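What follows is a single structure, written as structure tokens, with notes after it.
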Amino acid sequence: MTVGGGSVLGIPPSSEGYVLEARGLTKRYGSVIANKEVQFGVRRGEIVALLGENGAGKTTLMNMLFGMTAPDAGSVLIDGGPVRLQSPRDALALGIGMVHQHFMLVPPFTVAENIALGVEPSRRGILDLSDLEAQITALGRRFGIDIDPRALVKDLSVGQQQRVEIIKALYRGARVLILDEPTAVLTPQEADDLFKVLRGLAHEGTGIVFISHKLREVLDVAHRIVVMRRGAVAGEVLPRDATPESLASLMVGRDVLLRVEKAPSVPGNPVIVVRELVVNDDRRVRAVDGVSLSVRTGEIVGVAGVQGNGQTELVEAITGLRATQSGSLHLGERDLTRATVRERTDAGLAHIPEDRQRHGLVLPFTVAQNMILNRYYRLPFSRWMVMQAKAMRDQARDLVGRFDVRPANPEARVGSLSGGNKQKVIIARELSRDVRALVASQPTRGVDVGSVVFIHGALIAARDAGAAVLLVSAELDELLAVSDRILVMFRGRIVGEVEAATATREEIGLLMAGGVGRVIVPATN
Amino acid sequence: MTRGRFAFIIGCIGLLIGGAEVLRSPDVSASIVAASMLATMLRFATPLTLGALAGLLCERSGVANIAIEGMMLSAAFGAFLGAAVTKSLLIGVLAGMAVGVAMATLHAWLSVSLRVDQIVSGTVINIMAAGITGFLSTEVVRRQALVGAGLLPALRIPVLADLPVVGPVFQQQPIAWMALLLVPLTHLVIFHTPWGLRLRSVGELPRAAHAAGISVIRTRYTAVMIGGAIAGIGGAYFTLESVPAFEPLMTNGRGFIALAALIFGGWTPAGAWAASLLFGAANALHINAQQFGIPVPAQIVGMFPYLLTIVILAGVIGRVSPPAAVGTPYEAD
Ligand SMILES: Nc1ncnc2c1ncn2[C@@H]1O[C@H](COP(=O)(O)OP(=O)(O)O)[C@@H](O)[C@H]1O
Ligand SMILES: [Mg+2]
């Protein structure tokens, strides 16, 4: 299964047989050195995983290999010969395809139109997509990717859109396929499907580079693993010589404890009490269909489920972002069913939203400003309706240190921070006050290993301080490691409950798929 | 543009013409009312259609265009001047187009290259157009006592132009014909050619276009400049087809109505055309009300299209969204 030489940690790899190679690539952004003399390469039929913390320079390296970003120094080689990539067009022409972290698909266009973009087939000047549509179907059949060429991209799920991106690259004749964090947005099932496709492609000779934060899948899928740290290649290992711990410490540069340490929970009185809640989604279809649950002080209740089974709507209803049709929500004794978001916040409800860019932060604002979004209207931040800059700055300086936000600059624009650090700003804001209940939705999506450890620690600390924590996540490992008990949602209902300490992935997986499960603990209403 | 929306607009036009028939005084014959409604509607719709198509090309590429008014006004002046100096109406039209392209190039340079806010850039052009044409019309036209070269003659389609009621449809001046021709042509280019696909991708998600190897900047420049040429033809209408003279501010807000027609028509050529006709029909009713003996105050009738615009923009018959990238300058990194 392994292609290439033996373990070469610390020793420069032989560049023999690379289809695509980076030699001494360097890129600066102002004072930041995003890439420092990076050596990297991929061979025919090889799957290389690129690992590294947020901000390590992975995307920058891939963008340079794809002609999207121009290097300051160094060169790109294809089949051993140096090439000048002035734009993605050049890279595409040389057989390099890229699936970006943020998809490059035009939502109101059809699949075929998106794939045609830039290489439009036409007859006498008129766009003619009929042959292309047939080719898409054929390519899809060959690689096990089922896609309707006439579907509008905006109607497709994230997983399907990604497949369109892959077909797009293949249609352009990609011999090397670069995927930037392809699984960050996928459900575990979709990720498995993706890897099936990637293995098939590698088998037919395509060289594949994929970036990921998920050590388990990297060890599963990659033939070779390259780790970046602070803009440079920190090492290169083969999966059989690596463990999640060894990879994590290579990424972070020190030993990392991946196992979540926590004492058994000591639950008290119910705090979040949801009864018979019914919530509609954006299309006014019932998404939450009579959910009852309760979370007690001092416990973390996880919610598992395949994406789109009502978890998002449930969280939005509890946090006040979405109207409820019927049912009730109490925080302790207090009825919050119709309360505004501010009333909920003042009642002690904290929220780490699923979409941190849209619901968690005001991206053009500074770190300091974002850290008071839930209390700017109160003393000491507002006095006689005037913002108190000093109070804001002092608090931000304190929180940036305590929550390890990097860079530790309260005046930095939040939009310029990496995903993990954005999330830390939210957590600092939400947890640095008296919190009775915390609703956290996908808190570690797309963040790097170091930040994951930190975020899990913060959730458990909140629990131990007496908060009731509701954790919604698509990552089963995360739910099993962090929660005390786990509820499973399927088609808008809670179909089972398991004890986290004894439950298995398989058991939860079965419940998530709508199978009948063993209910270990009776639902606590 | 949905079929329903298109049908709604056509229905409203029918309602206006039908309303004129119902309300006319018995002394005026039904066929005279219909014929003059049609003729006035088409005439009024011509600059609106051209202005809307100009805006459409621009906005579909992701550049907001509130400068249609300024482009048409300066082109109206350029067309007049060109024709007056050379005594050639054709050169007048070409001069109008050239001025339209020049103004559009300025808009593109400001908003695409310098990444000035597109609304600010559009405002700059509108103010500049009003100022410069006002100044030149007193300083050059009056002082030199320039007289216009007359109006473009109507082109008739034999036989059809002699039909009762619908006759006026087949007897129009060249720029009006050109507007009618440009509607399907723009549709074809935007929706059925490779360039049109690129244009729309640049207006929806420029990063995706860039990643597909398309030059966002060049595509936007091209679209804005072609739009400028079309706005230039629309401007020439005022001085070469409507009246053979230039007056300051003579476009009188019709660039903005063209923008409303563009939005109203859901950023599609057919929709923009239908909406232009609707504004034309409402205007026809407005200016003919007295002649037809219609017992409704003209001001009330004149309000109709604006009320409709509010109703439509409020989303009563379904929402259409503008191209997603309109208003955002593109910055490649
Ligand atoms: N367009 C840019 N402008 C300024 N700084 C950038 C830009 N792109 C990346 N950087 C910086 O370069 C470093 C590497 O970023 P990136 O390659 O995106 O990391 P990764 O993909 O590994 O998370 C980070 O410090 C980031 O802030
Ligand atoms: Mg990245």
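Lettering of chains follows the sequences in order, A, B, ..., and the numbering in each one begins at 1. These numbers come from a predicted model, not from an experiment.
Most heavy-atom pairs under 4.5 Å with chain A: of the set B:A209, B:A208, B:P194, this distinction falls to B:P194. The candidate with the highest count of non-hydrogen atom pairs below 4.5 Å against chain A, out of B:I214, B:L205, B:L197, B:L188, is B:L197.
Contact of A:H100 with chain B is made through the side chain alone, with heavy-atom distances under 4.5 Å. Of the atoms belonging to A:L92, it is side-chain heavy atoms, and not backbone ones, that fall under 4.5 Å from chain B. Contact of A:F66 with chain B is made through the side chain alone, with heavy-atom distances under 4.5 Å.
Other residues, nucleotides and ligands place no more than 12 heavy atoms under 6.0 Å from the CD atom of A:E37. Counting heavy-atom neighbours within 6.0 Å of A:Y171 OH, excluding the residue itself, gives a total above 12.
A:L132 CG to A:L139 CG: the interatomic distance, rounded to the nearest 0.5 Å, is 9.5 Å.
At a threshold of 4.0 Å, the pair A:R283-A:D281 counts as salt-bridged, since one of the basic side-chain nitrogens sits closer than that to a carboxylate oxygen.
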Side-chain polar contacts of residues 83-91 of chain A - donor-acceptor pairs under 3.5 angstrom, sequence neighbours left out - could you list them?
from  : atom 1 : to     : atom 2 : distance (Å)
A:S87 : OG     : A:R89  : N      : 3.1
A:R89 : NE     : B:G213 : O      : 2.9
A:R89 : NH2    : B:G213 : O      : 2.7
A:D90 : OD2    : A:Q86  : N      : 2.8

